[in-house]
Protein chains: 2
Amino acid sequence: MATLSDVARKAVVSKMTVSRVINHPEQVSAELRQLVYNSMKELNYVPNYAAQALVHNRTQVIKLLILEEMDTTEPYYMNLLAGIAIELDQRHYSLQLVTRSSHTIGRCDGLIVTGMRETDYDHIISHLEQPVILFGENKKGYDYVDVDNKKGMQMVTEHILNHGCQKILFYGIEIDEPFMRSRIEGYEETMKMKQLLPQINLMKNSSHIAQFEAEKVLQKNHERIAFVCASDRLGIGVVHAAQRLGLNIPYDVMVTGFDGVFLDRIAQPKLTTIRQPIVEMGKTCAKLLLDKIDQDGMKQGNRIYKPELIIRNSTTT
Amino acid sequence: MATLSDVARKAVVSKMTVSRVINHPEQVSAELRQLVYNSMKELNYVPNYAAQALVHNRTQVIKLLILEEMDTTEPYYMNLLAGIAIELDQRHYSLQLVTRSSHTIGRCDGLIVTGMRETDYDHIISHLEQPVILFGENKKGYDYVDVDNKKGMQMVTEHILNHGCQKILFYGIEIDEPFMRSRIEGYEETMKMKQLLPQINLMKNSSHIAQFEAEKVLQKNHERIAFVCASDRLGIGVVHAAQRLGLNIPYDVMVTGFDGVFLDRIAQPKLTTIRQPIVEMGKTCAKLLLDKIDQDGMKQGNRIYKPELIIRNSTTT
DNA sequence: GAATTAAATGTAAACGGTTACTATTAATGA
DNA sequence: TCATTAATAGTAACCGTTTACATTTAATTC
């Protein structure tokens, strides 16, 4: 592999001139600049990032901290991982994955953190010295990338109301995190605005449990009913419940999900859902973080993505 | 962040002694060794990997090259990515993701390659100077990690035969890659051994297409029939076809998938499938690659994982 | 007890870049 | 015209670690 010195020797200039051509080309005369460019091309020069990292006291590594207890390999996180990895690659950074079970966090230039519990701020996040971007969380004082959860739930609840169903149940996940509170709010406010009674049920994020719960409800129910769910998993569980009881979706039962990551395309009937552009959001996360690193930790503000309502045949025909 | 020199100063020894305590502790007297350990602990010393990378002419980066055309964010690849990332982390390597759309491959210490077409060997892989491990492929002359695809298909075909169904169709993906050829072989040989006629259908890996194809078949069919599919996606398509035609699974129609990554748990009825332990295989990939790097590119041999037959209610009750 | 060898530590120079400073030349201005 | 400044190129030191070699001290040999 060719080095700066090799390029310099071939162009008969000093290393410094080559370095300048790369970093501040305007400071080099057109003549030498061209010589250096030719030399670089001939030798197929690629900078040694380890050497750069050394002088800049950087690691060129950013870490993705997934603090989720359960399944780290969920499509949700994997899409995020992919989005981040794609963006980092272009800027010569690389990625390390850290989970709750990893014992230390170690050296890196910055972190993207997701899947936190409330206590993690004090226990983990606040001790970090490096720049941090939160993903899918919103916490005052931090930079974060998130989707407008409240808006999403409003959209989906209104969509149901517009299709002539007034009895709407909310199925949510029993965790105390801002994203879930926002989803609940979005549903609740929309219902209250229409003078309707909100009915909120929280449970574990499992399609089995949702199915079990929904079956109990559906057995007693005799009017048209809708379930707006806070995840695609819960939505799929409700779909299964309706199918087992021989009810027609969407005529007897309407169902919606939330996330729009893959699963929803598989379920049959296909789930109306709120899509979060997670890969895109992952890229944004990485961009924000690298900019923050370049700007010495300066606050970057937040990016709130508009959710997208994907209407499919679990609510309409 | 404390450096070697800081540790040395505090312990009143030379940098070299500290370096030796870390790399060849047996060469240092017990007395000094303890001094150095104490000093390291007090200063919370963590080596600067960039500096090590520089002297060793390493990057501490390995790349995952996903050459798949279609959806790079498939759970299959994401599980692989997770497995690799977990293992790398422990050995202070980091990961970069490279797809076909990335323009260059760039510097790294080694690569894990997957999702190749036959022509990629000549066009891409053979030009690489770094150690390479193939994932989910088997090509002579390369080190690879794979699952025994043929065995898997044999297992699943025999499972169907043992449950009293003799009319078995194979639904595969129309790509010319070794893993698909092996799966076809596994089915074909098992059928021939029982004097049964193999019927092989290849199509795009889409649940819609499988559904469409299976509906055509099922409309004309009046005996008990089974579909062994080369992916969970295809399997799910067949399930949908049977459901649309009001046929009972598994009495009228038996269906099996292949991969066992997540999807299969969502479909209802749940799919009998062949599970590949992908996260585990990803870890193994990373281990093999790092060992290969440490051993200067020495051949590591292959790891063929036994597939696991997961029996669920798409074939039995 | 002088010579040889082994063990334990230290010194200096790399690795491939960048930063900070110096030196040269040309352009500008009073 | 001579001093000042701007533009351009070069030199040397440093980032944190390891490698290769040199030095010191202690142990062994004859």
Side-chain angles (χ1 to χ4, degrees), chain A residues 1-40 43-61 91-94 106-109 293-294 296, chain B residues 1-40 43-61 91-94 106-109 293-294 296:
Chain A
M1 270 267 136
T3 70
L4 256 197
S5 309
D6 296 331
V7 175
R9 201 171 312 124
K10 183 157 198 108
V12 202
V13 296
S14 72
K15 303 200 301 186
M16 249 337 279
T17 303
V18 179
S19 175
R20 265 192 283 255
V21 167
I22 294 167
N23 299 302
H24 312 279
E26 75 286 355
Q27 291 178 12
V28 177
S29 66
E31 194 187 10
L32 285 193
R33 206 188 308 154
Q34 196 51 51
L35 268 175
V36 170
Y37 280 138
N38 293 340
S39 175
M40 289 202 299
L43 294 173
N44 202 358
Y45 172 74
V46 180
N48 182 321
Y49 302 114
Q52 292 181 328
L54 182 58
V55 279
H56 290 139
N57 195 24
R58 293 251 194 89
T59 60
Q60 299 295 117
V61 169
R91 293 178 56 178
H92 308 302
Y93 272 80
S94 58
R107 277 183 204 255
C108 64
D109 294 343
I293 290 168
D294 286 344
D296 205 35
Chain B
M1 271 266 135
T3 71
L4 258 197
S5 309
D6 296 332
V7 175
R9 202 170 311 125
K10 184 159 198 106
V12 201
V13 297
S14 72
K15 305 199 300 187
M16 252 335 282
T17 303
V18 180
S19 175
R20 264 194 282 256
V21 168
I22 295 167
N23 299 301
H24 311 280
E26 76 285 358
Q27 292 179 13
V28 177
S29 66
E31 192 186 10
L32 285 194
R33 208 187 310 154
Q34 196 52 52
L35 267 176
V36 170
Y37 280 138
N38 293 341
S39 176
M40 290 204 297
L43 294 173
N44 202 358
Y45 173 74
V46 180
N48 182 322
Y49 301 114
Q52 292 181 329
L54 182 59
V55 278
H56 289 136
N57 197 23
R58 293 251 192 92
T59 60
Q60 297 296 115
V61 169
R91 293 178 57 178
H92 308 302
Y93 273 80
S94 58
R107 278 181 201 257
C108 64
D109 294 344
I293 290 168
D294 286 345
D296 206 34

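Because only heavy atoms are used, hydrogens play no part in the values below, and waters and symmetry mates are left out as well, while side chains stay in. Just so we're on the same page: letters track the sequence lines, and every chain starts at 1. Bear in mind the structure is a predicted one, so any value in this text is a computation, not a measurement.
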Gap between atoms CD and P, on A/Glu31 and D/dA9 respectively (whole Å) | 8 Å
Measure from CG on A/Leu35 to P on D/dT8 and round the result to the nearest Å.
-> 15 Å
Which whole-number value in Å describes the distance from A/Arg58 CZ to C/dG16 C1'?
-> 17 Å
Between B/Ser94 and B/Val61, is there a donor-acceptor pair closer than 3.5 Å when you use the side chain of the first and the backbone of the second?
-> no
Separation of C/dG17 C1' from A/Met40 CE (nearest whole Å) | 14 Å
Taken to the nearest whole Å, CD/B/Gln27 to C1'/D/dA20 is 13 Å
Distance, rounded to the nearest Å, where B/Asp6 contributes CG and D/dC15 contributes P | 10 Å
Applying salt bridge (Lys or Arg N to Asp or Glu O under 4.0 Å), name anything that partners A/Arg58, two or more places apart in sequence or on another chain.
-> A/Asp294
Compare all side-chain heavy atoms of B/Leu32 with those of B/Leu35 and state whether any distance is below 4.5 angstrom.
-> yes
Among residues 9-26 of chain A, which contact DNA chain C at a heavy-atom distance under 4.0 Å?
-> A/Lys15, A/Met16, A/Ser19, A/Asn23
Counting N and O atoms only, with roles assigned by atom type, does the side chain of A/Arg107 sit under 3.5 Å from a partner on the main chain of B/Pro47, one being a donor and the other an acceptor?
-> yes
Taking A/Arg20 for the side chain and A/Val28 for the main chain, is one N or O donor matched with an acceptor at less than 3.5 Å?
-> no
Return the residues of residues 45-57 of chain A meeting this criterion: a heavy atom under 4.0 Å from some atom of DNA chain D. Order them by number, or give none.
-> A/Leu54, A/Val55
